[in-house]
Amino acid sequence: MALFVEVAKRKSFSQAALALEMPVSSLSRRITVFESTIGVRLLDRTTRKISLTSYGEAYFKQALRLVEEAQRAYDDITAEAKGPSGLLKIAAPPDTWMLQHLSTLLTEFKANHAYVQLQIDLGYGSVDLVGGRYDLALTLDPPQEGSVIARKIMEVENGIFAAPAYLEDWGCPNVPQDLVDHHVIVPGPSAEWVLSRGGETATVAVSGPVSSNSPTLTRRFAIEGQGLFADSLSHVRADVESGALVQVMPTWRLQPTSIHIVTTSRLLPAKVRSFIDFAAERFPAVTKASNRENAPAVVSAAHEMPYLRRVILPH
C-alpha cells in the first residue's frame with residue numbers, strides 16, 4: 001500500500017524509487033504483483049507518463065490517509081523516545097525579508113531539536129512539494145493551489161519608498177491616485193496596490209519603465225532614482241536612516257505581505273509539526289527583535305527639502 005501511494009503521489013516510478021531508496025525495477029515488480037493480488041489495474045503506464053485508473057483514484061484517496069496516519073503514529077512514538085528527528089527539507093523564496101530573518105529562526109530551532117537535520121532550498125516561482133520531496137514551503141502570500149494546506153504565521157508591514165533625487169524631479173505623492181503619474185518599480189509590467197487609511201481603501205494600478213523580480217535589484221534601482229517601490233519597513237531602515245531613501249505617503253497603509261507555511265497534508269510528521277509550532281511562535285518575536293536593533297532615528301532631511309515629510313518608522 002505504501003509503495004503504491006508513493007508512486008501515485010509522484011506519478012513517476014523513478015521519483016518514487018528515489019524517495020523509497022529502492023531500484024525502479026523492484027518497485028515496478030512489486031506494484032504489478034499488488035495489482036495481480038487485488039485483481040484490478042490501479043495504474044495506466046505509458047513510456048511517457050503514469051496515470052491513475054478509476055480504481056486507482058478511489059484506492060489512492062483511502063490508502064493515502066492510512067499511510068499518513070501510520071507514518072504519523074511511527075513519528076510520534078519516535079519523538080516520544082528521543083524528540084523529533086530526520087531530515088526537514090524546506091523550500092523558501094530568496095526574498096530579502098526572508099533571508100534577513102530565516103537564519104535566526106532556523107538556528108534557534110536547530111538548537112532545540114538536535115536530531116533534526118535541515119536542508120533549505122531557495123528559489124523563485126511555485127514549488128513542487130511532492131516532486132521536490134519537500135516537507136514544507138515558506139511562501140509570501142497564500143498559494144493558489146487548492147490541493148495544499150496553507151497556514152498564515154504572520155504579516156510583514158510594507159511601505160512605499162523613493163530616493164530624494166527622484167522626489168526632486170517628480171514630486172511626492174500624497175494620495176493613492178497620485179501614484180498613477182509616477183514611475184513605480186514592480187516585478188512585472190504592472191501591479192495593483194491596495195492602500196488603506198482609517199476607513200478608506202483605495203486600489204491603484206501602478207507601473208513604470210523599469211521592472212524587476214529581484215528585491216535587491218529593485219531597491220538599488222530606487223536608490224539610484226528610478227522610481228518608487230514597495231518594501232518591508234524593516235528591510236529599508238538603514239537606507240531611510242542614511243537618507244538614501246524616504247518613505248512616502250506614510251499615513252496610508254500598504255497591503256502587508258502574509259508569510260505562510262504550506263504542506264500537502266494535515267497529517268504531518270513530528271519534525272514538521274514541531275517546526276510549524278516553533279515558527280508560528282518565534283517568527284514574529286525574531287522579527288520584532290531585529291526591528292528594535294535596526295530602528296532608525298527620525299528622518300533628518302525633512303528640514304532641508306520641503307517636499308519631504310518628517311517620518312518616524314514604527315518599532
Side-chain angles (χ1 to χ4, degrees), residues 75-76 79 82-123 127 129 134-143 148-161 196 215-216 219 230-242 245 247 250 253-263 266 268-299 311-315:
D75 289 333
D76 286 345
K82 64 176 184 179
S85 62
L87 175 65
L88 180 62
K89 190 175 179 182
I90 301 172
D95 174 78
T96 306
W97 184 92
M98 193 73 73
L99 296 176
Q100 186 177 4
H101 301 292
L102 186 58
S103 62
T104 302
L105 179 79
L106 293 174
T107 299
E108 288 189 11
F109 177 78
K110 188 69 180 72
N112 290 285
H113 299 82
Y115 295 102
V116 176
Q117 295 83 48
L118 298 174
Q119 178 179 333
I120 317 301
D121 290 349
L122 302 180
V127 177
L129 289 172
Y134 292 106
D135 293 295
L136 61 92
L138 288 160
T139 66
L140 306 175
D141 297 320
V148 298
I149 311 301
R151 302 165 177 81
K152 185 167 77 170
I153 58 172
M154 67 173 298
E155 289 186 340
V156 179
E157 290 297 323
N158 295 315
I160 304 172
F161 303 90
S196 59
T216 300
R219 172 177 155 273
D231 205 341
S232 66
L233 301 179
S234 61
H235 179 220
V236 297
R237 287 180 183 276
D239 295 321
V240 172
E241 187 175 32
S242 70
L245 292 173
Q247 185 179 5
R253 185 174 183 262
L254 190 63
Q255 190 172 26
T257 299
S258 300
I259 307 299
H260 288 77
I261 291 180
V262 181
T263 61
R266 296 187 187 278
L268 302 171
K271 61 184 178 182
V272 180
R273 297 200 312 273
S274 295
F275 179 81
I276 291 174
D277 292 342
F278 185 85
E281 177 185 352
R282 291 296 301 149
F283 230 149
V286 166
T287 304
K288 187 175 181 179
S290 175
N291 289 348
R292 284 199 303 266
E293 292 172 5
N294 298 302
V298 176
V299 174
V311 178
I312 301 177
L313 293 181
H315 288 225

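The first residue of the sequence shown is numbered 1, and numbering continues consecutively from there.
- Taking each heavy atom of P93 and L140 in turn, the nearest pair found is CG-CG, 4.0 Å.
- In terms of the side chain to side chain donor-acceptor pair (under 3.5 Å) criterion, S274 has no residue partners (sequence neighbours excluded).
- Within the structure, no pair that satisfies the side-chain hydrogen bond (donor to acceptor under 3.5 Å, both in side chains) test touches residues 109-118, not counting sequence neighbours.
- With rounding to the nearest 0.5 Å, the separation of NE2 in H235 from CZ in R237 is 12.5 Å.
- In terms of modelled atom types and a separation under 3.5 Å, the side chain of D135 and the main chain of K89 share a donor-acceptor contact.
- The side-chain heavy atoms of F161 and L233, taken from C-beta on, include a pair separated by under 4.5 Å.
- Looking at I261, V262, I120 one by one, the single match for side-chain contact (heavy atoms from CB on, under 4.5 Å) with L138 turns out to be I261.
- Atom-to-atom distance recorded for I259:CD1 and T139:OG1 is 7.5 Å, nearest 0.5 angstrom.
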So D239 and R219, salt bridge (Lys or Arg N to Asp or Glu O under 4.0 Å) or not? Walk me through it. CA-CA 10 Å; D239 295 321; R219 172 177 155 273; 2.6 Å; yes
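- Nearest heavy atoms, A91 versus V127: CB-CG1, 3.7 Å.
- Judged by distance alone, the side chain of R253 and the main-chain N or O of S196 form no donor-acceptor pair under 3.5 Å.
- In this structure, L102 and A92 approach most closely via the heavy-atom pair CD2-CB, 4.2 Å.
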Criterion side-chain contact (heavy atoms from CB on, under 4.5 Å) on R151 and I149, from CA distance to verdict: CA-CA 7 Å; R151 302 165 177 81; I149 311 301; 3.8 Å; yes
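- Atom CZ of F275 sits about 12.5 Å away from atom CG of L268, to the nearest 0.5 Å.
- Residues P256 and V156 have side chains not in contact (no heavy-atom distance under 4.5 Å, counting atoms from C-beta outward).
- We find the OG1-CG distance between T257 and N158 to be 4.0 Å, quoted to the nearest 0.5 Å.
- The shortest non-hydrogen separation linking A137 to L129 is CB-CD2, 3.8 Å.
- Looking at T263 and I276, their side chains come closer than 4.5 Å, going by heavy atoms from C-beta outward.
- Here the side chains of Q119 and D121 are in contact, with some heavy-atom distance below 4.5 Å.
- To the nearest 0.5 angstrom, K271 atom NZ is 9.5 Å from L136 atom CG.
- A donor-acceptor pair shorter than 3.5 Å cannot be found between the side chains of R282 and T104.
- To the nearest 0.5 Å, the span separating OG on S234 from NE2 on H101 amounts to 4.0 Å.
- Within the 4.5 Å cutoff, the side chain of I90 has heavy atoms near those of the L106 side chain.
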